[in-house]
Trainee: 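Below is one structure. I have some questions about it.
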2 protein chains.
Amino acid sequence: MPKFVDKEAKQLEIINAAMKVFARMGIVKTKMADIAEEAGIGKGTIYEYFRSKDEIFNHAFEMFFSEMKTVLRSISESDDDPETQIRQIIKASLIDFTSGNEEFMRIMMDFWAEGIRNKNETINGMLDLEGIYNEFRSAIASILNEGIRKGVFRQVDSNVAAATLIGTMDGLYLQWIVNPSVFNFEQAAGFLSEIFLLGIKIDPSQQQT
Amino acid sequence: MPKFVDKEAKQLEIINAAMKVFARMGIVKTKMADIAEEAGIGKGTIYEYFRSKDEIFNHAFEMFFSEMKTVLRSISESDDDPETQIRQIIKASLIDFTSGNEEFMRIMMDFWAEGIRNKNETINGMLDLEGIYNEFRSAIASILNEGIRKGVFRQVDSNVAAATLIGTMDGLYLQWIVNPSVFNFEQAAGFLSEIFLLGIKIDPSQQQT
DNA sequence: TTTTATTGACCGACCGTTCGGTCATAATAT
DNA sequence: ATATTATGACCGAACGGTCGGTCAATAAAA
């Protein structure tokens with residue numbers, strides 16, 4: 001009997017329960033007892049499936065970003081022209097993942113905050129925020145490089161430009177979470193696409209470094 | 001009356017000690033005992049000057065951002081033209097405050113993370129991240145409005161544009177903290193100035209919405 | 001019956017906070 | 001000047017609450 005299949009399913013259930021609680025009360029305030037209750041099992045049972053709270057946390061983190069990675073990869077592997085790809089990335093990151101889904105954003109900021117907190121003392125690659133950023137950045141950078149090669153983008157440092165783009169998206173999330181009423185998120189996403197592309201595209205009438 | 005001690009001076013000492021410890025071990029991991037040790041006083045003494053750990057935290061937060069507010073205000077009240085003001089703000093935020101001062105950046109990220117975490121349950125306006133952002137955003141927005149009025153900037157939504165600019169700066173901090181080796185911070189700041197201004201400035205040869 | 005899974009009462013490390021007591025110093029008295 | 005007293009800054013042991021993790025008991029399955 002393939003017990004491990006059941007095991008994985010149960011792990012998933014627990015993680016999903018954990019995610020719900022994370023969204024409701026924030027990651028740090030979430031206690032093992034809360035997760036157990038949400039999952040409808042006893043606290044002890046969790047420890048049959050995970051070694052520790054950190055392990056749950058870690059799994060949730062990975063699961064959370066894996067979809068985003070997948071989407072990003074599919075965009076960057078498509079045949080669309082670089083400008084379209086950039087637009088798609090911005091749209092996917094800022095609109096598709098978030099629209100009407102404040103809960104998603106809150107969890108993301110929470111993970112993000114937790115990643116920073118644990119950054120320089122966590123053992124053994126928990127919360128690999130660094131890896132996630134590297135992956136995102138290099139994917140975007142290679143799109144930019146392609147655009148530069150094709151002559152549609154200016155000769156910018158693609159790594160710096162990618163970091164700037166990612167940074168802007170993160171920063172918008174941050175402000176949105178802190179004060180959602182102040183600006184329209186979709187509008188900001190549109191503005192960002194526009195301004196970023198204006199900034200890096202080659203304008204034949206305007207040659208400057 | 002025994003020795004007259006300046007209560008405020010001592011409070012300041014304690015906050016400074018706290019800041020040092022915050023930078024060294026992160027805000028959340030910092031214990032009252034650590035602050036006391038760093039300040040060279042007993043744990044109990046701290047409570048002669050602050051009601052609670054949160055109060056220390058709160059004071060430190062306010063102090064931390066007050067200098068930034070001051071600088072921003074002086075820039076936005078100057079007579080320079082809007083483009084110069086924008087450049088100055090980017091320079092001040094990304095370069096002047098941080099250059100060679102990784103510790104500063106780490107504390108700032110920590111404050112952010114903490115501000116987000118506590119956002120929706122903190123009593124009575126601790127950690128007013130919301131207020132800080134509002135102030136920054138409206139200062140930048142009014143510079144942009146001035147530029148639009150003078151006809152040097154396009155008719156963008158100044159609030160959205162300001163949020164985007166702030167977001168970008170925050171996001172660059174974030175990535176820099178997570179992985180400092182990947183891009184040059186000053187270079188990124190320069191790139192940001194360039195691309196943002198390119199994106200919002202009116203280019204006579206290129207009329208588009 | 002034996003094995004496996006589940007449980008929640010319990011443990012103990014941790015940490016913010018308290019509080020009774022100490023002591024250097026200043027005020028006052030001699 | 002010297003002794004006495006009053007003050008409150010300072011201290012850290014102890015307290016109390018919290019929470020991740022354990023394990024003996026129980027239930028379910030085989």
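Each chain gets a letter, A, B and so on, in the order its sequence line appears, and its residues count up from 1.
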Trainee: What I'd like to find out is whether the side chain of Phe64(A) reaches to under 4.5 Å of the side chain of Ile15(A), using heavy atoms alone.
Mentor: no
Trainee: Protein within reach of the bases, or only the backbone? For nucleotides 24-30 of chain D, mark each nucleotide 5' to 3' as B, S or -, using heavy atoms under 4.0 Å.
Mentor: -------
Trainee: Rounded to the nearest angstrom, tell me the gap between atom CG in Asp34(B) and atom P in dC15(C).
Mentor: 9 Å
Trainee: Just compare dT22(D), dT7(C), dT17(C) and give me whichever is closest to any side-chain atom of Met32(B).
Mentor: dT17(C)
Trainee: Sub-3.5 Å donor-acceptor pair from the side chain of Asn159(A) to the main-chain atoms of Val182(B), do we have one?
Mentor: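 Checked: pair present.
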Trainee: Over how many whole Å does the gap from Lys29(A) atom NZ to dG20(D) atom P extend?
Mentor: 13 Å
Trainee: Separation of Ile35(B) atom CD1 from dC15(C) atom C1', in whole Å?
Mentor: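 Computing the Ile35(B):CD1 to dC15(C):C1' distance gives 12 Å.
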Trainee: Output the rounded distance in Å from CD (Glu37(A)) to C1' (dT6(C)).
Mentor: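 My rounded result for the distance is 17 Å.
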Trainee: Look at Tyr49(B) and dA9(D) and indicate whether a side-chain polar atom (N or O) is within less than 4.0 Å of OP1 or OP2.
Mentor: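 For Tyr49(B), the contact criterion (side-chain N or O under 4.0 Å from OP1 or OP2 of dA9(D)) is not met.
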Trainee: Does Lys31(A) get its side chain close enough to the base of dT18(D), under 3.5 Å, for a donor-acceptor pair?
Mentor: no
Trainee: Less than 4.5 Å apart, any side-chain heavy atom of Ile56(A) and any of Met32(A)?
Mentor: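 When only atoms from C-beta onward are counted, Met32(A) and Ile56(A) do touch, with a gap below 4.5 Å.
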Trainee: I'd like to know if the side chain of Glu13(A) reaches the main chain of Ala39(A), judged simply by a donor and an acceptor atom lying under 3.5 Å from each other, with no hydrogens or angles considered.
Mentor: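 Pair absent, no side-chain N/O of Glu13(A) close to backbone of Ala39(A).
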Trainee: May I have the distance from Lys43(B) (atom NZ) to dA14(D) (atom P), rounded to whole angstrom?
Mentor: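 Value for this atom pair: 12 Å.
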Trainee: Starting at CD1 of Ile14(B) and ending at C1' of dA9(D), how long is that distance when rounded to a whole Å?
Mentor: 11 Å
Trainee: Is any side-chain heavy atom of Asp170(A) closer than 4.5 Å to one of Asp170(B)?
Mentor: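 Heavy-atom side-chain distance check fails, nothing below 4.5 Å.
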Trainee: I need the full list of ring pair (Phe, Tyr, Trp, His ring centres under 6.0 Å) pairs touching residues 17-52 of chain A, with sequence neighbours left out, sorted by first then second residue.
Mentor: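 Matches after skipping sequence neighbours: Phe50(A)-His59(A).
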Trainee: Under 4.0 Å, counting only non-hydrogen atoms across every strand here, what does Phe50(A) touch: a base, just sugar-phosphate, or nothing?
Mentor: nothing
Trainee: NA contact type, Lys53(A), heavy-atom cut-off 4.0 Å: base, sugar-phosphate, or nothing?
Mentor: sugar-phosphate
Trainee: Return the value, rounded to whole Å, for the distance between atom CD1 of Ile46(A) and atom P of dA5(C).
Mentor: 17 Å
Trainee: Between dT17(C), dA9(D), dT6(C), which nucleotide has the shortest distance from any of its atoms to the side chain of Glu48(A)?
Mentor: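 The answer is dT6(C), which lies nearest to the side chain.
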Trainee: Can you tell me which nucleotide in dT22(D), dG12(D), dT7(C) comes closest to the side chain of Thr45(A)?
Mentor: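 Closest of the options to the side chain of Thr45(A): dT7(C).
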Trainee: Respond yes when some side-chain nitrogen or oxygen of Lys10(A) is under 4.0 Å from OP1 or OP2 of dA5(C), and no when none is.
Mentor: no
Trainee: Give a yes or no on whether a salt bridge exists between Arg24(A) and Glu38(A), defined as a side-chain N under 4.0 angstrom from a carboxylate O.
Mentor: yes
Trainee: Would you mind reading off the distance between Asp54(A) atom CG and dC19(D) atom P, rounded to a whole angstrom?
Mentor: 16 Å
